[in-house]
Amino acid sequence: MMFRRSALAAILATAPGVALAHSTEDAPTGLQIELNTIQDVEGACRLTFVAENRTDSAIDTASFQTVVFDASGRVITFTLYNFRELPLDLPRVRQFDVKGEACGNISRVLINGLSSCVIGDSESEVCLKALNLSSRTDVELLG
């Protein structure tokens, strides 16, 4: 029985298309921002983002002009989402509430532009130039 398990493990480890582990070399580069979840909370829709900085520098602060749209395409809110510090290669979770709105009414979130990106006491464009967006929800994240 032990031989069969070992043989099966060896076959799976070498089978094409079977990934057992990902190395950091396989991870995408840039500034990854994912809309991970949305949740209705006390008269608001809470947007939860996961951000990973895979650029060449720690980001001291990152703040984006953000527009939230309803299901008909109308602008609900235009605001700044401050992702604060984003250290290298460490995920950070940030939450923002869209007050007075149910999550079912939100269709898209647009990163409209960069308000601030500070690296080593200087403004930088890396937060926008290296930006990669994705969503695990039914709400689109665009930029």
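Each residue takes its place number in the sequence, starting with 1.
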Residues forming a ring-ring contact (aromatic ring centres under 6.0 Å, His included) with Phe49, sequence neighbours excluded: Phe83, Phe96

Where Ala58 and Ile119 come nearest, the two heavy atoms and their spacing: O-CG2, 3.6 Å

Electrostatic pair Arg94:Glu52 at N-O distance under 4.0 angstrom: no

With Gln95 via side-chain hydrogen bond (donor to acceptor under 3.5 Å, both in side chains) - residues at least two apart: Thr48

Rounded distance (nearest 0.5 Å) linking atom SG of Cys103 with atom CG of Asp40: 4.0 Å

Backbone N/O of Gln65 and side chain of Asn112: donor-acceptor pair under 3.5 Å: no

Cys45 side chain near Lys99 side chain, heavy-atom distance below 4.5 Å: no

Member of Val126, Leu86, Leu133 meeting the side-chain contact (heavy atoms from CB on, under 4.5 Å) criterion with Leu31: Leu86

Exam field: side chain Thr79 to backbone Thr77, donor-acceptor pair closer than 3.5 Å: no

Step-by-step side-chain contact (heavy atoms from CB on, under 4.5 Å) determination, Asn82 to Thr61: CA-CA 8 Å; Asn82 186 352; Thr61 187; 3.5 Å; yes

Check: Ser135/Thr137 side-chain N/O donor and acceptor closer than 3.5 Å: yes

Closest approach of Ser107 to Asp70 (non-hydrogen atoms, all atoms of both residues): OG-O, 2.7 Å

Audit row: Thr55, Leu88, side-chain contact (heavy atoms from CB on, under 4.5 Å) steps and yes/no: CA-CA 7 Å; Thr55 66; Leu88 279 173; 4.2 Å; yes

Contact check, side chains of Leu47 and Tyr81, non-hydrogen atoms, under 4.5 Å: yes

Note, Leu131 side chain near Ile111 side chain (heavy atom, < 4.5 Å): yes

Residue pairs fulfilling side-chain hydrogen bond (donor to acceptor under 3.5 Å, both in side chains) with at least one residue in residues 118-129, sequence neighbours excluded: Ser116-Glu123

Over 12 non-hydrogen atoms of neighbours within 6.0 angstrom of CG in Asn132: yes

Interatomic spacing from CG in Leu110 to CG in Leu142 - rounded to 0.5 Å: 6.0 Å

Cluster overlap Val98 with Leu141, hydrophobic side-chain contacts below 4.5 Å: yes

Point-to-point distance, once rounded to the nearest 0.5 Å, from CZ of Arg84 to CG of Asp60: 13.5 Å

Pairing residues for Asn36 by the side-chain contact (heavy atoms from CB on, under 4.5 Å) criterion, not counting sequence neighbours: Glu34, Val50, Arg136

Exercise: identify the closest heavy-atom pair between Thr29 and Gln32: O-NE2, 2.6 Å

Audit row: Ile76, Phe69, side-chain contact (heavy atoms from CB on, under 4.5 Å) steps and yes/no: CA-CA 5 Å; Ile76 295 172; Phe69 295 89; 5.9 Å; no

Close side-chain approach of Glu140 and Val109, heavy atoms under 4.5 Å: no

side-chain hydrogen bond (donor to acceptor under 3.5 Å, both in side chains) involving Arg46 - partner list, sequence neighbours excluded: Asp97

Min side-chain heavy-atom separation Leu90-Asn53 under 4.5 Å: no

Interatomic distance, Ser115 atom OG to Leu128 atom CG [nearest 0.5 angstrom]: 11.5 Å

Listed partners of Asp89 passing side-chain hydrogen bond (donor to acceptor under 3.5 Å, both in side chains), at least two apart: none

Check against side-chain contact (heavy atoms from CB on, under 4.5 Å), Phe78 and Thr66: CA-CA 6 Å; Phe78 180 79; Thr66 309; over 6 Å; no

